[in-house]
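Quick caveat: nothing in here was measured; it's all calculated off a predicted structure. Residue numbers count from 1 along this sequence. What you see below is based on every heavy atom in this structure, not just the backbone, and it leaves out hydrogens, waters and symmetry mates.
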Amino acid sequence: MAAVEDIRYRKILVPVDGSEEADRAFHHAVYLASLVRGELTLLHVVDLNRKMSMLERSMAGGYVPQEFKEQGYKLLQPYMKQIPEEVGLDTMVQIGSPAEIIADVAENGGFSLIIMGSRGLGSLQDIILGGVSHYVLHHCGVPTLVVR
């Protein structure tokens with residue numbers, strides 16, 4: 001069994017989308033990062049499936065309007081204002097499938113923990129609908145705390 005000193009959650013990834021669930025997860029992350037004087041990375045993923053139809057995307061030839069990223073950074077602003085000085089902060093806005101982007105960023109970014117919200121759909125509905133937290137839990141090797 002690992003000693004408590006060996007468990008270091010210093011670099012925490014917090015995916016946020018403005019939902020109540022993400023807000024609750026964010027507050028857990030801020031608390032934990034404050035305790036360990038860690039660093040938070042706030043990640044917002046712009047889901048093009050919700051912003052543009054398949055037809056619009058194919059007509060745009062892969063072009064993604066810059067306004068989508070700008071809206072993502074605006075969404076992060078209220079979160080950033082709530083982070084205490086002793087907690088390091090980084091922000092990211094990515095475009096793509098939220099579940100896949102979160103897992104990819106976590107594994108390739110050297111994160112020690114992901115703290116994310118869950119819609120609480122229930123296991124059957126979550127599997128059928130392909131919930132983001134369900135995907136991250138099953139496809140990412142980074143320890144993940146799911147806040148309901």
Side-chain angles (χ1 to χ4, degrees), residues 1-53 57 62 64-148:
M1 183 176 200
V4 174
E5 300 82 43
D6 294 340
I7 301 173
R8 296 184 182 107
Y9 296 128
R10 301 264 186 224
K11 190 171 179 186
I12 303 170
L13 179 64
V14 187
V16 292
D17 61 4
S19 67
E20 287 182 37
E21 296 85 4
D23 291 350
R24 280 195 295 276
F26 167 77
H27 290 292
H28 282 272
V30 169
Y31 174 73
L32 183 57
S34 295
L35 289 176
V36 301
R37 295 214 186 282
E39 175 185 316
L40 293 179
T41 297
L42 301 178
L43 169 65
H44 177 67
V45 181
V46 177
D47 186 353
L48 285 184
N49 290 328
R50 294 177 186 242
K51 297 282 187 184
M52 300 174 76
S53 70
R57 282 186 291 182
V64 177
Q66 184 63 26
E67 69 188 64
F68 290 160
K69 274 204 163 186
E70 291 169 5
Q71 290 170 359
Y73 282 109
K74 284 181 185 175
L75 183 137
L76 295 177
Q77 292 297 320
Y79 292 102
M80 294 167 61
K81 293 177 183 176
Q82 299 177 57
I83 297 177
E85 276 185 30
E86 69 270 11
V87 174
L89 172 64
D90 193 13
T91 59
M92 299 175 81
V93 174
Q94 299 283 328
I95 296 174
S97 164
E100 292 173 9
I101 296 287
I102 293 166
D104 186 57
V105 166
E107 289 192 333
N108 294 317
F111 289 91
S112 52
L113 181 66
I114 304 167
I115 300 180
M116 62 188 302
S118 171
R119 298 268 192 264
L121 299 174
S123 58
L124 181 59
Q125 194 174 9
D126 199 36
I127 291 167
I128 293 169
L129 296 176
V132 174
S133 59
H134 184 268
Y135 180 93
V136 172
L137 283 169
H138 289 86
H139 292 91
C140 183
V142 177
T144 303
L145 171 63
V146 178
V147 177
R148 292 198 182 269

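Put simply, the side chain of Thr144 gets close to the backbone of Val142: a donor and an acceptor are under 3.5 Å apart. Counting only distance, with no hydrogens or angles, the side chain of Glu100 and the backbone of Gly96 share no donor-acceptor pair below 3.5 Å. The backbone N or O of Val93 sits nowhere less than 3.5 Å from a side-chain atom of His44 that would complete a donor-acceptor pair. Side-chain atoms of Lys74 never come within 3.5 Å of backbone atoms of Lys69 as a donor-acceptor pair (strictly under, hydrogens ignored). Panel note: side chain Glu107, backbone Gly141; a donor-acceptor pair is recorded below 3.5 Å. A donor-acceptor distance shorter than 3.5 angstrom exists from the side chain of Ser112 to the backbone of Arg10, with no hydrogens or angles considered. Between the side chain of Asn108 and the main chain of Asp104, a donor-acceptor pair closer than 3.5 Å is present.
Of all heavy-atom pairs spanning Ser34 and Glu86, the tightest one is OG-OE2, 4.0 Å. Closest heavy-atom contact between Pro78 and Gln82: O-NE2, 3.1 Å. The shortest non-hydrogen separation linking Asp17 to Leu75 is O-CD1, 3.6 Å. Residues Tyr79 and Ala22 approach most closely at OH-CB, 4.3 Å, considering heavy atoms. Annotation for Val30 and Pro84: closest pair CG1-CD, 3.7 Å, computed over non-hydrogen atoms. Between Pro98 and Val132 the shortest heavy-atom distance is CB-CG2, 4.2 Å.
For the atom pair Thr41 OG1 and Phe111 CZ, the distance stands at 3.5 Å (nearest 0.5 Å). A distance of 4.0 Å separates CD1 in Ile83 from CG in Leu89, rounded to the nearest 0.5 Å. Of the inter-residue distances, the one linking Asp90 atom CG with Met80 atom CE reads 9.5 Å to the nearest 0.5 angstrom. Ile114 CD1 to Leu137 CG: the interatomic distance, rounded to the nearest 0.5 Å, is 8.0 Å. A distance of 10.5 Å separates CD in Gln71 from CD in Gln66, rounded to the nearest 0.5 Å. Note that CG of Leu13 is 10.5 Å distant from CD of Glu39, once rounded to the nearest 0.5 Å.
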Subject >> Intermediate values then yes/no, side-chain contact (heavy atoms from CB on, under 4.5 Å), Ile95 and Asp47 >> reply: CA-CA 6 Å; Ile95 296 174; Asp47 186 353; over 6 Å; no

**OP:** Take Thr91 and Tyr73 through the side-chain contact (heavy atoms from CB on, under 4.5 Å) test and state the conclusion after the steps.
**Re:** CA-CA 8 Å; Thr91 59; Tyr73 282 109; 3.8 Å; yes

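By the 4.5 Å heavy-atom criterion applied to side chains, Ser118 and Glu21 are not counted as neighbours. In this structure, Met116 and Ile102 have side chains that are in contact, with non-hydrogen atoms separated by less than 4.5 Å.
The number of heavy-atom neighbours closer than 6.0 Å to CD of Glu20, taken from other residues, nucleotides and ligands shown, is 12 or below. The environment of OH in Tyr31 is sparse: at most 12 heavy-atom neighbours from other residues, nucleotides or ligands sit within 6.0 Å.
Remark: of the listed residues Leu42, Leu43, Leu76, Ile101, Leu43 is the sole one forming a side-chain contact (heavy atoms from CB on, under 4.5 Å) with Met92.
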